[in-house]
Amino acid sequence: MADSSARLVLAVETSCDETAVAILRGQELLASEVASQIALHAQYGGVVPEVASRNHLRMLQPVIDAALNKAGISLSNVQAFAATCGPGLATSLMIGTSAAKALAIGFRKPYLAINHIEGHLLSPFFGNPEGIRPAIALVVSGGHTLLIQIESFGRYHLLGQTQDDAAGEAFDKVGKLLGLPYPGGPNVDRLAREGDVAKYDFPRSMLDSDDFNFSFSGLKTSVRYLLPKLETVSLPDVCASFQEAVVDVLVGKTMRAVKATRLPVVAISGGVSCNSRLRENMRAACEARGVELLVAPPALCTDNAAMIGYVAAQKLAHGELSPLTSDIDPNLRLVA
Ligand code: KG4
Ligand code: ZN
């Protein structure tokens with residue numbers, strides 16, 4: 001039998017609006033293809049579940065073919081099939097998991113059901129020679145804002161989470177208020193580069209609370225109340241001041257966790273970890289404390305299948321296979 005650390009894994013990610021397929025040989029990424037549906041959903045101002053699942057169905061086969069081509073292998077070479085089983089949109093999750101299970105049955109290979117959040121959580125360790133290490137992890141995406149203490153692979157302790165909106169959701173809602181195209185996050189980031197971070201004093205909710213939780217809905221409401229009061233709206237200034245408030249809280253809470261646990265590594269992941277100001281300020285805060293910062297390249301921060309394949313490779317190496325009867329769970333949690 002081949003060395004389990006070098007087995008060929010094909011991973012599928014269809015939890016939201018990206019149809020993604022990756023192929024890994026052990027820890028080596030051979031292909032990572034992503035067909036984004038952003039343009040399709042932009043006209044509705046957000047993801048429409050019906051439209052998403054129909055397009056996963058249409059795109060999955062060509063995206064699998066593109067990944068196999070890139071990796072220079074055929075389906076019969078694949079030694080395990082993995083797919084995101086949750087959390088996410090039920091009808092989208094069903095497309096990816098059904099395809100991966102069908103392939104596992106057809107080729108008589110193992111199936112691995114992967115938690116999307118674990119994919120994000122561990123993505124900063126992908127390709128790192130030291131592997132998965134104890135760290136404070138900040139997962140910030142469109143659906144999640146979590147502070148987690150990682151002990152080792154599979155051993156995670158929840159420190160705190162958002163009490164209302166996720167950080168990415170706040171970016172997207174504020175983007176919508178400002179009339180920016182969906183998704184708001186990257187557009188707010190781009191405009192903020194020309195703006196004044198101190199122009200408006202938006203609230204840093206829960207920054208000083210004695211815990212590791214977050215709240216972003218009040219901040220979004222402050223932006224909503226401010227806009228009608230302005231004679232002229234300088235988009236860059238509103239974006240920069242709003243973004244600074246989000247980043248201050250994310251960095252502040254992460255550093256509070258570093259202080260409390262004395263862990264020397266911070267790992268940030270999820271779509272919002274693409275944010276240029278978050279990266280800049282988190283790096284500065286980590287440097288000031290002598291803490292190492294791990295961030296995945298942007299293509300591995302937003303939804304992708306490489307991160308799903310990376311978790312699958314870990315599970316395979318640990319002999320943690322999933323039964324073909326395992327179901328999707330749109331509300332799947334990583335830690336209680
Ligand atoms: O991880 P992801 O692709 O999907 C989820 O699992 O939710 O994250 C998408 C989120 C969106 O809310 C998007 O606006 C945000 O990540 N995002 C950003 C940036 N790039 C993506 N937010 C702020 N700044 C960015 N540069
Ligand atoms: Zn995601």
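Indexing begins at 1, ligand by ligand and atom by atom, following the structure's order. This is a predicted model, so every value here is computed, not measured.
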Undergrad: Starting from atom 24 (N) of ligand 1, what is the nearest protein heavy atom, named by residue and atom, and what distance separates them?
TA: Asn275 ND2, 3.0 Å
Undergrad: Inspect the surroundings of CZ in Arg155 and state if more than 12 heavy atoms from other residues, nucleotides or ligands are less than 6.0 Å away.
TA: no
Undergrad: Out of all atoms in ligand 1, which are within 4.0 Å of some heavy atom of Thr302? Include the element for each.
TA: 3 (O)
Undergrad: Which of the atoms of ligand 1 are close to Gly143, meaning less than 4.0 Å from one of its heavy atoms?
TA: 7 (O)
Undergrad: May I ask you to identify, for His144, whether its side chain, its backbone, both or neither come under 4.0 Å of ligand 1 on a heavy-atom basis?
TA: neither
Undergrad: Would you please determine whether Gln243 falls within less than 4.0 Å of ligand 1 on a heavy-atom basis?
TA: no
Undergrad: Please check if any side-chain donor atom of Ser36 sits under 3.5 Å from a side-chain acceptor atom of Glu18, or the reverse.
TA: yes
Undergrad: Consider ligand 1: state whether an atom of it lies below 4.0 angstrom from any non-hydrogen atom of Gly88.
TA: no
Undergrad: For atom 10 (C) of ligand 1, what's the nearest protein heavy atom and its distance?
TA: Gly142 N, 3.5 Å
Undergrad: For atom 13 (C) of ligand 1, grab the closest protein heavy atom and report residue, atom and distance to one decimal in Å.
TA: Asp172 OD1, 3.8 Å
Undergrad: Under 2.8 Å from the Zn ion (ligand 2), how many protein N, O or S atoms can be found?
TA: 3
Undergrad: Using a 4.0 Å heavy-atom cut-off, say whether Cys16 meets ligand 1 through its side chain, its backbone, both or neither.
TA: neither
Undergrad: For the residue pair Phe81 and Tyr111, is the inter-centroid distance of their aromatic rings smaller than 6.0 Å?
TA: no
Undergrad: Between the side chains of Asp164 and Ser215, does any donor sit under 3.5 Å from an acceptor?
TA: yes
Undergrad: Tell me which part of His116 gets within contact of ligand 1: side chain, backbone, both or neither, using heavy atoms under 4.0 Å.
TA: side chain
Undergrad: Less than 3.5 Å between some nitrogen or oxygen of Gly168 and one of ligand 1, yes or no?
TA: yes
Undergrad: Is Arg204 salt-bridged to Glu244, cutoff N-O under 4.0 Å?
TA: no
Undergrad: Check for a donor-acceptor pair, side chain of Ser326 on one end and backbone N or O of Ser322 on the other, with a separation under 3.5 Å.
TA: no
Undergrad: Looking at Tyr182 versus His41, is the centre-to-centre ring distance below 6.0 Å?
TA: no
Undergrad: Using a 4.0 Å cutoff against the non-hydrogen atoms of Cys301, which atoms of ligand 1 qualify?
TA: 1 (O)
Undergrad: Is it the case that the side chains of Asp303 and His116 hold a donor-acceptor pair, with the cut-off being a distance below 3.5 Å and no angle test?
TA: yes
Undergrad: Out of Ser36, Ala166, Gly271, Pro186, whose heavy atom sits nearest atom 1 (O) of ligand 1?
TA: Gly271
Undergrad: Does an N or O anywhere in Gly185 fall below 3.5 Å from an N or O of ligand 1?
TA: yes
Undergrad: Ignoring hydrogens and geometry beyond distance, is a side-chain donor-acceptor pair present between Lys173 and Thr221 at under 3.5 Å?
TA: no
Undergrad: Within the supplied structure, the quantity of interest is the number of heavy atoms (other residues, nucleotides, ligands) at a distance under 6.0 Å from Glu194 CD; does it exceed 12?
TA: no
Undergrad: Nearest heavy-atom pair of Ile150 and Ala137: which atoms, and what distance?
TA: CD1-CB, 3.8 Å
Undergrad: Enumerate the atoms of ligand 1 whose separation from the nearest heavy atom of Pro183 is less than 4.0 angstrom.
TA: 14 (O)
Undergrad: Taking distance alone, with no angle check, do His120 and ligand 1 share an N/O pair under 3.5 Å?
TA: yes
Undergrad: Would you say the side chains of Ser32 and Asn304 form a donor-acceptor pair under 3.5 Å?
TA: no
Undergrad: Would you mind checking which non-hydrogen protein atom is closest to atom 26 (N) of ligand 1, with the distance to 0.1 Å?
TA: Asp189 OD2, 2.8 Å
Undergrad: When the aromatic ring centroids of Phe171 and Phe242 are compared, is their separation below 6.0 Å?
TA: yes
Undergrad: Counting heavy atoms not belonging to Glu50, are there more than 12 under 6.0 Å from its CD?
TA: no
Undergrad: Return the closest protein heavy atom for atom 3 (O) of ligand 1 as residue, atom name and distance.
TA: Asp303 N, 3.0 Å
